[in-house]
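Here the structure is laid out as structure tokens; the discussion comes afterwards.
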2 protein chains.
Amino acid sequence: MSEIKSLARGLKLLERLALAENGAGITELAAQLDIDKSSASRLVQTLASYGFAEQDPDTRRYRLGPRIVTLSRYMLTRMPLRDEAKPYLRRLVERTGEGAHLAILSQGGALYIDQVESPATLRATTGVGTVAPLHCTALGKVLLAFDANARMPEELKAYTPRTITSPETLRMHLEQTRRQGYAIDDEEYEYGVRCVAVPVFDYRGKAVGAIGISGPAGRISLERLPELAAITKQIGQELTDRLSFRP
Amino acid sequence: MSEIKSLARGLKLLERLALAENGAGITELAAQLDIDKSSASRLVQTLASYGFAEQDPDTRRYRLGPRIVTLSRYMLTRMPLRDEAKPYLRRLVERTGEGAHLAILSQGGALYIDQVESPATLRATTGVGTVAPLHCTALGKVLLAFDANARMPEELKAYTPRTITSPETLRMHLEQTRRQGYAIDDEEYEYGVRCVAVPVFDYRGKAVGAIGISGPAGRISLERLPELAAITKQIGQELTDRLSFRP
DNA sequence: GGTGGCTGTTGTATAATGCACAACGACTAG
DNA sequence: CTAGTCGTTGTGCATTATACAACAGCCACC
């Protein structure tokens, strides 16, 4: 499995460009990858000529190009799960009033694939393409509990005081998640945001993703949680049923 | 400007993968790029090892990988225009009841950067990342009329019977668009869908994008058009005013 | 159940290609 | 005006990607 070095370098550059807040300079990029300026320059030029990067005419710095967004769209439209899940996400929003999300396991986290916003003014929305940690989000916990490919994160980073940081506690939590068929995130990732999520299975019974709702803790009160969990479980089951029909 | 060949090949492969409905095989890809199977295999393996492509375990065919979606998210969150425009898109939906979109000029078309869905059951939504033709969409016409970088498409492809296919007619249309400050799409791209769009300018007075609404022709009647155009123009102006504040 | 045609992957020698080292022009700051 | 950036471009050399194979796995078809 010998990888093509210059392609690999180009892809690494893309990732660096993605992380750079206000674009990145050639010298900077070259230093990060430990390659020569000239190499970095030519690689980025190639990326730019295909629309994967672009140069700010004023500052001469480079940033990600619009082609990425277009490719991403292609990728998303080719996912059957996304199309199937959309109506159920809408239903989730209608019945709970909160924002709904669909995520799959990817890059060691929960990758948000689709969303439907809450009609309320106060919203908790995570954009499509975000990769959220597995151990402190409802969608992530569900994937961790039900997706056979999911691996426990090495480090359980604390995002809020409520984040579960002990592997033991998390394991028990996942056990409970499996028993009750849903997971919650009680302000464990972001202050004032609670979430509920359930797994989605395909016709083989394999977990292929998770759907859930998230909203301000004020609206998603602990008293309302059982009801919201029931609704989410029901709609998740309906989606699973639908996915089971295609052989 | 010597481009790095193997990186260029890798990027071309990415684009081919994006276009392939149900993934693409190595032999197929190699034939398309006119390179050897072995080269294609190793290039795609490299793409895969960075998450830009992935292999279906069953069919052994390759498709785009999830990393693309994540990068796309980074790209979008780094666009100031998008953040600024969001509230105005919401307002547009509130006041018209139709779906709202934000687009910029890219890849010879109108690249949809953001959207807010209509609350109605019958929706006309174009996903973020879509590149729509310039000559037959309201957003596209606006960009063509106001963005200095926009180039007239070589071929005015007819998508519906109403599509403007004559360069002369289109030129007059654009002239009118400039005069009245907004453009419409009267079922010129898709049957039964009408759109209204206006330009957005930055502090230099340069057109940086376009916002607009689109919905079923049944609701966006010809009688309602003047009113909808007025609303869209007003909100577009408000957004332009906001963008003018930052030096 | 073999057999032929397909797939995608892996070895290897050769030659093309990307690389490091420069030098360059364009800016900015002191 | 000089010293320090920056990004880009030329060029010889050596690494590297490549083309041509051969390979194992799969499916379908007599």
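Every chain is numbered from 1 and lettered A, B, ... according to where its sequence line falls, protein lines coming before strand lines.
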I need a per-nucleotide contact map over nucleotides 20-30 of chain C, read 5' to 3'. Cutoff is protein heavy atoms under 4.0 Å; write B for the base, S for backbone only, - otherwise.
BB---------
Separation of D:dT16 C1' from B:I4 CD1 (nearest whole Å)
12 Å
Round to the nearest Å and state the distance from B:L33 atom CG to D:dA19 atom P.
11 Å
Would you indicate whether the side-chain heavy atoms of A:H135 and A:Y159 approach each other to under 4.5 Å?
yes
Is the phosphate of D:dT8 approached by A:Q55 (side-chain N or O, under 4.0 Å from OP1 or OP2)?
yes
Mark yes or no for whether A:T130, through its side chain, and A:T126, through its backbone, hold a donor-acceptor pair below 3.5 Å.
no
Below the 4.0 Å mark, does C:dT7 have OP1 or OP2 next to a side-chain nitrogen or oxygen of B:Y62?
no
Any donor-acceptor pair under 3.5 Å linking the side chain of B:T177 with the backbone of B:A145?
no
A:V69 and B:L76: which non-hydrogen atoms are nearest, and at how many Å?
CG2-CD2, 4.1 Å
Between D:dT8 atom P and A:L43 atom CG, what is the distance in whole Å?
12 Å
In residues 11-29 of chain B, which ones come under 4.0 Å of DNA chain C, going by heavy atoms?
B:G25, B:I26, B:T27
Distance-only, no hydrogens or angles: does the A:E28 side chain make a donor-acceptor pair with backbone N or O of A:G25 under 3.5 Å?
yes
For the helix from C:dG1-D:dC30 to C:dC24-D:dG7, what angle lies between the axis at the first five pairs and the axis at the last five pairs, to 10 degrees?
50°
Can you tell me the distance, in whole Å, between the CG atom of A:L47 and the P atom of D:dT8?
12 Å
The side chain of B:S41 lies closest to which of these nucleotides: C:dC19, D:dT8, C:dT10?
C:dT10
Between A:E15 and A:K12, does at least one N-O distance fall below 4.0 Å, as a salt bridge requires?
no
Student check: side-chain heavy atoms of B:Y62 and B:D56 closer than 4.5 Å
no
Distance in angstrom units between B:R61 CZ and C:dT9 P, rounded
12 Å
In whole Å, I'd like the distance from the CD atom of B:E3 to the C1' atom of D:dT8.
16 Å
Nearest heavy-atom neighbours spanning A:A138 and A:D185
N-CB, 3.4 Å
Sidechain-backbone polar pair: B:T77 side chain, B:R73 backbone, donor-acceptor under 3.5 Å:
yes
What is the separation between atom NZ on B:K5 and atom P on D:dT18, rounded to the nearest whole Å?
9 Å
Gap between atoms CD and C1', on B:Q45 and C:dT9 respectively (whole Å)
7 Å
Charged N to carboxylate O below 4.0 Å: is that the case for A:D58 and B:R204?
yes
Is a side-chain donor-acceptor pair under 3.5 Å present for B:T70 with A:Q107?
yes
